[in-house]
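It should be emphasised that the depicted structure is a prediction, and the values quoted were computed from it without experimental measurement.
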Amino acid sequence: MNLRIAVVSASLLLGVEGVATAAPKSITLPPDGVQLKASSLPGYAKAQQNCVVCHSAEYMLYQPPTAPRAYWDAMVKRMKVVFNGPINEADMPDIVDYLVKTYGNEQPK
């Protein structure tokens, strides 16, 4: 029985030592051609800190320009809850305000 344990232990040790480690890889992403629309609203800086670290600002351009505040509120909550976005709860109203006034139905005409 001890011989069996010794053989299994030796096999495991050899197996672990024999495993090749993967070489680190790097990729270069193309530059983001779209930036958030600049604004003096507090949500602009917060959107830069929270939104575009995960996805392109181009994502906002694909949203309906008639989208109301409730839509943007749901989108920001979705990014936090569903996609685990690192968004501080206290920043969410400012981000929603920026989004609806810059990309949604509260844009100046």
Side-chain angles (χ1 to χ4, degrees):
M1 186 67 128
N2 287 339
L3 178 61
R4 183 181 215 176
I5 292 172
V7 168
V8 170
S9 296
S11 296
L12 288 174
L13 286 173
L14 289 174
V16 170
E17 289 178 10
V19 174
T21 58
K25 295 196 179 220
S26 65
I27 60 170
T28 302
L29 297 174
D32 194 354
V34 177
Q35 303 300 316
L36 291 175
K37 293 179 186 175
S39 171
S40 60
L41 294 168
Y44 170 61
K46 293 175 182 181
Q48 286 181 308
Q49 294 167 354
N50 292 282
C51 302
V52 295
V53 297
C54 294
H55 60 75
S56 170
E58 189 172 13
Y59 181 78
M60 279 60 140
L61 299 177
Y62 294 130
Q63 307 311 310
T66 57
R69 184 170 292 272
Y71 173 87
W72 290 103
D73 187 60
M75 291 300 289
V76 172
K77 286 179 181 169
R78 178 174 158 228
M79 296 301 164
K80 179 172 178 63
V81 175
V82 176
F83 298 109
N84 297 314
I87 306 168
N88 185 325
E89 289 278 338
D91 292 339
M92 292 172 71
D94 285 341
I95 293 171
V96 170
D97 193 58
Y98 164 73
L99 292 172
V100 72
K101 289 179 178 177
T102 308
Y103 298 98
N105 72 349
E106 293 180 26
Q107 294 179 62
K109 304 279 181 203

(request) Could you state whether Ile87 and Val82 fall into the same hydrophobic cluster, counting links through intermediate Ile, Leu, Val, Met, Phe, Trp or Tyr residues with side-chain heavy atoms under 4.5 angstrom apart? (result) yes

(request) Return yes when atom NZ of Lys77 has more than 12 non-hydrogen atoms of other residues, nucleotides or ligands closer than 6.0 Å, and no otherwise. (result) no

(request) Would you please test Tyr59 and Met79 for side-chain contact (heavy atoms from CB on, under 4.5 Å) and show each step? (result) CA-CA 12 Å; Tyr59 181 78; Met79 296 301 164; 3.4 Å; yes

How many angstroms lie between atom [atom1] of [X] and atom [atom2] of [Y], to the nearest 0.5 angstrom?
X	Y	atom1	atom2	value
Leu41	Leu99	CG	CG	10.0 Å
Gln63	Met75	CD	CE	4.5 Å
Leu61	Leu36	CG	CG	9.5 Å
Gln48	Ile95	CD	CD1	11.0 Å

(request) Would you check if there is a donor-acceptor pair between the side chains of Tyr62 and Glu58 at a distance under 3.5 Å? (result) yes

(message) Given 3.5 Å as the limit, does a donor-acceptor pair link the side chain of Asn50 with the main chain of Lys46, or not?
(response) yes

(message) Given 3.5 Å as the limit, does a donor-acceptor pair link the side chain of Tyr103 with the main chain of Ala67, or not?
(response) no

(request) Quick one: closest heavy-atom pair of Trp72 and Met60, and the distance? (result) CH2-O, 4.3 Å

(request) Please tell me if the side chains of Cys54 and Phe83 come closer than 4.5 Å, counting only heavy atoms from C-beta onward. (result) no

(request) Side-chain contact test, heavy atoms from C-beta onward, threshold under 4.5 Å: evaluate it for Asn105 versus Tyr71 and give yes or no. (result) no

(message) Between the side chains of Lys101 and Asp97, is the shortest nitrogen-to-carboxylate-oxygen separation below 4.0 Å, so that they form an ion pair?
(response) yes

